[in-house]
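Contents: one structure, followed by commentary.
Quantities reported herein were computed from a predicted structural model and do not represent experimental measurements. Note that these values count all heavy atoms, side chains included, but never hydrogens, waters or copies made by symmetry. For the single chain, residues carry numbers from 1 onward in sequence order.
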Amino acid sequence: MSRTARARDAGLACGSLPVGTLNSIADVPGVLVGHRTLIDGDTRTGVTAIVPHVGNPYREKPVAAVHVLNGFGKSAGLVQVEELGTLETPILLTNTLSVGTCCTALVRHAIEQNPDIGRETATVNPVVFECNDGYLNDIQALAVTEADARAALEDASSQFEVGSVGAGCGMSTFGFKGGIGTSSRRLDLDGQGFHLGVLVLSNFGRAGDLRLPDGKTVAPSMAAADKRATEKGSIIVIAATDIPLSDRQLKRVIRRSGVGLARLGSFWGHGSGDIALGFTTGNILSHDEKAALVDLRILNENRMDLLFEAMADATQEAVLEALVAAGPMTGRGGHHRPHLLDALKTLSPEP
């Protein structure tokens, strides 16, 4: 995986569970990620695509669930995921004012693969998440096009970059430069190896509140922590697993993303849209199923704690990975976000 830096290289590992080979959401077989990054003038934005499997997700729908920690957001497609418990398109991440454009791109993509959509069969539910990158990006320029969304889909691979790429290009986290981060955990169940992977679009947290795994807090050097400031931004958490789960079980798992965010110092402020979506490739429902009754494997409820722990740890580490990989950035109007690693150099060592 092409990366300039990793959280673990900076001593920011989270938890004790083993990580996957890539330590990314792509450790789940078939899951791919692609980016389209836009940097030009005051533009600092883009699109990130998460492809749930290598097949046709409209025809072969992964079981899915969504959980809203704080709903200050403009994401699309969540109502149907909540109701039906399935995902039927790739997932796109972008800036707040580009949700509609990305929805249209997903609809066109689905129709190309399934010409019967809206005519001989049901319509399609595009899923798009957003964060507001307007501090560094000229969000009013509406720079993202359908072609950019398509480019992110076409770029999808198990080897992908993190940090200030794709939808993460203009994002901020705890006063530092944020963006895309990922992490995974390897889990053994009944002698079989499985994975739970997380990808975040990190754009949340109040400067001065960031807490590292060792308990230290760190703030950007340009400004002291201001406890009167409001926490605003957003974070999108996408979780994938190959463990067979029901949509109810998935919702229980992705709720634990909030544990990882709280460890980092977030309290899910009023102005922050904090949303998690999870899907499993271990249970796929056919769009064209003819049988009245279908089999569905699920996890023994007494084994759920292992997934809860994995979800909390991977979410926490994915955010730290975004911070480590992003680097500093100056954007719209000269606005600047510093690099977390530069701040870490100033921390006093333990006596």
Side-chain angles (χ1 to χ4, degrees), residues 14-15 24-25 28 31 33 48-50 52 62-87 89-94 96 99 125 127-132 167-168 171 173 178-185 195-205 231 233-243 245-269 271-281 304 307-322:
C14 300
S24 93
I25 194 172
V28 178
V31 176
V33 176
T48 293
I50 302 99
V63 167
V66 64
H67 179 64
V68 178
L69 293 163
N70 192 69
F72 203 110
K74 290 80 178 173
S75 299
L78 305 190
V79 171
Q80 182 169 308
V81 175
E82 174 72 17
E83 182 70 19
L84 301 186
T86 58
L87 182 69
T89 69
I91 300 162
L92 293 184
L93 313 177
T94 191
T96 306
V99 171
N125 181 52
V127 174
V128 181
F129 291 95
E130 55 77 27
C131 292
N132 182 355
M171 302 301 172
T173 300
I180 298 291
T182 191
S183 188
S184 71
R185 295 298 180 269
H195 290 87
L196 186 148
V198 168
L199 182 142
V200 299
L201 176 60
S202 183
N203 189 56
F204 74 115
E231 181 182 8
S234 289
I235 183 165
I236 305 302
V237 181
I238 306 297
T241 186
D242 52 352
I243 299 171
L245 300 171
S246 68
D247 60 312
R248 177 188 60 80
Q249 289 180 320
L250 268 171
K251 182 181 281 287
R252 296 190 69 203
V253 172
I254 61 176
R255 281 191 189 124
R256 271 61 183 188
S257 62
V259 176
L261 301 182
R263 288 175 182 168
L264 291 160
S266 173
F267 53 87
W268 319 327
S272 187
D274 308 324
I275 304 171
L277 181 143
F279 64 88
T280 175
T281 60
M304 290 293 286
L307 278 70
F308 294 166
E309 181 180 0
M311 186 71 206
D313 292 348
T315 301
Q316 180 187 12
E317 188 166 323
V319 172
L320 292 169
E321 182 122 312

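- Using a 4.5 Å heavy-atom threshold, the side chains of F267 and L261 count as separate.
- A donor-acceptor pair is defined here as one N or O able to donate and one able to accept, closer than 3.5 Å; no such pair exists between the side chain of T315 and the backbone of A312.
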side-chain hydrogen bond (donor to acceptor under 3.5 Å, both in side chains) between S184 and S24: does it pass, once the steps are laid out?
CA-CA 5 Å; S184 71; S24 93; over 6 Å; no
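- The distance from the CG atom of D247 to the CD atom of E83 is 10.0 Å, given to the nearest 0.5 Å.
- Rounding to the nearest 0.5 angstrom, the gap separating the CD atom in E309 from the CG atom in L196 is 11.5 Å.
- Taking 4.5 Å as the limit, every side-chain heavy atom of N125 sits out of range of all side-chain heavy atoms of L84.
- The structure places CG of L250 at 5.0 Å from CG of L245, a figure rounded to the nearest 0.5 Å.
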Between I236 and V200, does a side-chain contact (heavy atoms from CB on, under 4.5 Å) hold up when you go through it step by step?
CA-CA 6 Å; I236 305 302; V200 299; over 6 Å; no
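- Under a 3.5 Å cut-off, the side chain of Q80 and the backbone N or O of G77 do not form any donor-acceptor pair.
- Between F129 and L92, every side-chain heavy-atom pair lies at or beyond the 4.5 Å cut-off.
- With hydrogens and angles disregarded, no donor-acceptor distance shorter than 3.5 Å links the side chain of E130 to the backbone of T94.
- Looking only at side-chain heavy atoms (C-beta outward), S75 and I275 come within less than 4.5 Å of each other.
- Annotation: side-chain hydrogen bond (donor to acceptor under 3.5 Å, both in side chains) contacts of D274 (sequence neighbours excluded): S272.
- Residues meeting the side chain to side chain contact (heavy atoms under 4.5 Å, CB included) test with D242, sequence neighbours left out: V28, P29, F194, H195, T281.
- Listed for the T182 side chain is a donor-acceptor partner under 3.5 Å among the backbone atoms of I25.
- Closest approach of L69 to S257, counting heavy atoms only: CD1-OG, 4.0 Å.
- With sequence neighbours excluded, the residues forming a side chain to side chain contact (heavy atoms under 4.5 Å, CB included) with N132 are T96, I139, listed by chain and number.
- Using a 4.5 Å heavy-atom threshold, the side chains of N203 and I235 count as separate.
- For the pair T48 (side chain) and A167 (backbone), a donor-acceptor distance under 3.5 Å is present.
- At a cut-off of 3.5 Å, with distance as the only test, no side-chain donor of T241 or T280 sits close to an acceptor on the other residue.
- For the pair K74 (side chain) and V99 (backbone), a donor-acceptor distance under 3.5 Å is absent.
- The nearest pair of heavy atoms linking A322 to S202 is CB-CB, 4.3 Å.
- Two residues are said to be in side-chain contact when any heavy atoms from C-beta on lie closer than 4.5 Å; T173 and V319 meet this criterion.
- At least one donor-acceptor pair under 3.5 Å links the side chain of S234 to the backbone N or O of G273.
- For R252, the side chain to side chain contact (heavy atoms under 4.5 Å, CB included) partners at least two apart in sequence or on another chain are R248, R255, R256, E301, M304, F308.
- Two residues are said to be in side-chain contact when any heavy atoms from C-beta on lie closer than 4.5 Å; I180 and L199 meet this criterion.
- In this structure, the separation between NZ on K251 and OG on S246 is 11.5 Å, given to the nearest 0.5 Å.
- The ring-ring contact (aromatic ring centres under 6.0 Å, His included) check on F204 picks up F174, with sequence neighbours excluded.
- Residues passing the salt bridge (charged side-chain N to carboxylate O under 4.0 Å, His left out) test with D313 are R263, sequence neighbours excluded.
- With a 4.5 Å cut-off on side-chain heavy atoms, T86 and F279 do not count as touching.
- Once rounded to the nearest 0.5 Å, the distance linking CD of E321 with SG of C14 reads 10.0 Å.
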